[in-house]
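This report concerns only the one structure given below.
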Amino acid sequence: MSATIIYDTSLGRTMSRGQDRSVAGSAFRAAFPVALPVMTSFVVIGFSYGLFVTAKGLPGWFAPFMATVIFGGSMEFVAAAMLLGSFAPIETAVVAFMIQARHMFYSVAMLKKYGFGGWKKAYMVYSLCEETFALNPAFDPPVDVDPEGYYFALSLMVQLSWITGAAIGGFLGPVLPFDTTPFGFIMTALFTVILLEQMLQEKRPLPAVIGVVASVVCLFVFGGDSFLVPSLVVMTVMLLLLRRPIEKGGIE
Amino acid sequence: MTFEEQMMLIAICSIVTIMTRALPFLIFRNGKKIPDTVEYIGKVLPVAIFAMLVVYCLKDVEFTDGTFGIPEVLAIAVMCAVHIRKKNMLLSILTGMIAYFLFLWLIPIVL
């Protein structure tokens with residue numbers, strides 16, 4: 001890792017001294033085909049996120065903005081929905097923490113791989129999402145490519161494709177010649193498929209059942225504006241109490 | 001909500017997210033092991049959270065009036081059926097959206 005950072009104006013990005021352009025180029029070239037499937041789906045889902053944001057009546061630029069500063073798909077959808085409710089900073093923080101907490105496990109898994117330091121690592125920690133996490137262990141960089149630059153290229157291309165999709169959706173949403181309100185259903189579709197996918201992989205129905213029961217009960221008790229935090233508390237307690245039956249495979 | 005309040009909420013989401021990503025690099029730097037209970041919760045909580053988020057998405061659907069939530073329920077059913085068969089997330093979401101638009105137009109005609 002080099003301590004001195006220079007700014008390369010011709011490329012518009014900072015580069016470590018001693019690392020010439022062709023090396024950076026080869027890292028991007030090597031990472032591109034690996035990242036392509038994720039990039040494709042990120043452009044599409046990012047685009048739908050942009051449509052979602054404008055369908056909810058928020059300004060279009062909120063989509064690429066949140067894609068940049070938050071960069072967590074589920075969180076961004078929930079954040080957009082919460083921007084329409086009443087101002088509740090503490091609830092937002094708790095919900096954000098619970099939704100994003102899983103990232104801690106990805107970070108733990110990447111501890112060794114991201115063993116280097118500097119601004120590249122800082123960016124990679126910042127932009128670590130499940131898809132990047134899923135890409136990294138399976139595809140080690142080719143021997144002739146600098147691993148640091150390779151992982152950085154992967155992370156950057158994945159996030160940029162998400163931001164690009166969100167920007168296109170955000171700016172296109174308001175000019176579409178028909179009512180875009182039904183695009184609000186994108187969030188429902190996305191979360192339902194993620195839930196289903198997790199259930200198919202886990203083969204344990206109990207955690208999902210607990211999630212539904214806890215949140216439906218809390219929805220009726222606390223109302224639609226403030227049931228998320230109580231739901232999270234109730235389901236965490238239930239998951240801890242029911243640990244034994246859940247780990248045995250739960251109720252089949 | 002004012003623009004400033006919206007920006008504040010986005011900042012909160014951003015900071016909390018960065019925290020969850022960076023914390024392990026600060027805490028587990030020296031090869032400390034993750035506590036067993038934390039590992040267990042990390043495995044089962046995400047599923048429960050996404051179940052909650054689905055409830056969150058559907059909380060404003062009117063089940064007793066209008067289209068009675070039929071377009072939503074049918075679209076979800078179609079989408080899940082497609083996903084179980086094809087296991088392709090993008091395809092499932094796309095199918096779900098098309099089904100939703102279709103039922104949204106069809107159900108009021110049928111009712």
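Here is the naming used below: chain letters follow the sequence lines, and residue numbers restart at 1 for every chain.
Side-chain contact between A/I246 and B/Y40: present, with at least one pair of heavy atoms (C-beta onward) separated by less than 4.5 Å. Put simply, the side chain of B/H83 reaches to within 4.5 Å of the side chain of A/L200, judged on heavy atoms. Contact annotation: the side chain of B/L23 never approaches that of A/S107 to less than 4.5 Å [non-hydrogen atoms, C-beta and beyond]. The closest side-chain heavy-atom distance from A/R204 to B/V44 is below 4.5 Å. Taking the side chain as every heavy atom from C-beta outward, B/L45 and A/M98 approach each other to under 4.5 Å.
The part of A/F105 that comes within reach of chain B is its side chain, from C-beta onward, which places non-hydrogen atoms under 4.5 angstrom from that chain. With a 4.5 Å cut-off on non-hydrogen atoms, B/I49 touches chain A through its backbone and its side chain both. Of the atoms belonging to A/M82, heavy atoms from both backbone and side chain fall under 4.5 Å from chain B. Contacts of A/M75 with chain B are made by side-chain atoms alone, with heavy-atom separations under 4.5 Å and no backbone atom involved. Interface remark: A/E197 contributes backbone and side-chain atoms alike to the contact with chain B (heavy atom separation under 4.5 Å). Only the backbone of A/S86 comes within less than 4.5 Å of a heavy atom in chain B; its side chain stays farther off. Residue contact with chain B, scored on non-hydrogen atoms closer than 4.5 Å, involves the backbone and the side chain of A/L83 alike. When heavy atoms are compared at a cutoff of 4.5 Å, A/I186 approaches chain B by way of both its backbone and its side chain. Using a 4.5 Å cut-off between heavy atoms, A/F71 touches chain B through backbone and side chain atoms alike. Within the 4.5 angstrom heavy-atom criterion, only side-chain atoms of A/L58, from C-beta onward, approach chain B. Residue B/T2: no heavy atom, backbone or side chain, is found under 4.5 Å from chain A. With a 4.5 Å cut-off on non-hydrogen atoms, B/M8 touches chain A through its side chain but not through its backbone.
Annotation for A/I70 and B/R21: closest pair O-NH1, 3.3 Å, computed over non-hydrogen atoms.
Applying the 6.0 Å contact sphere to CG of B/L111 captures more than 12 heavy atoms from other residues, nucleotides or ligands. Other residues, nucleotides and ligands place more than 12 heavy atoms under 6.0 Å from the NZ atom of B/K59.
Between A/F183 and B/F101, the ring centre distance stays below 6.0 Å.
Heavy-atom proximity under 4.5 angstrom to chain A picks out B/E72 from residues 62-72 of chain B.
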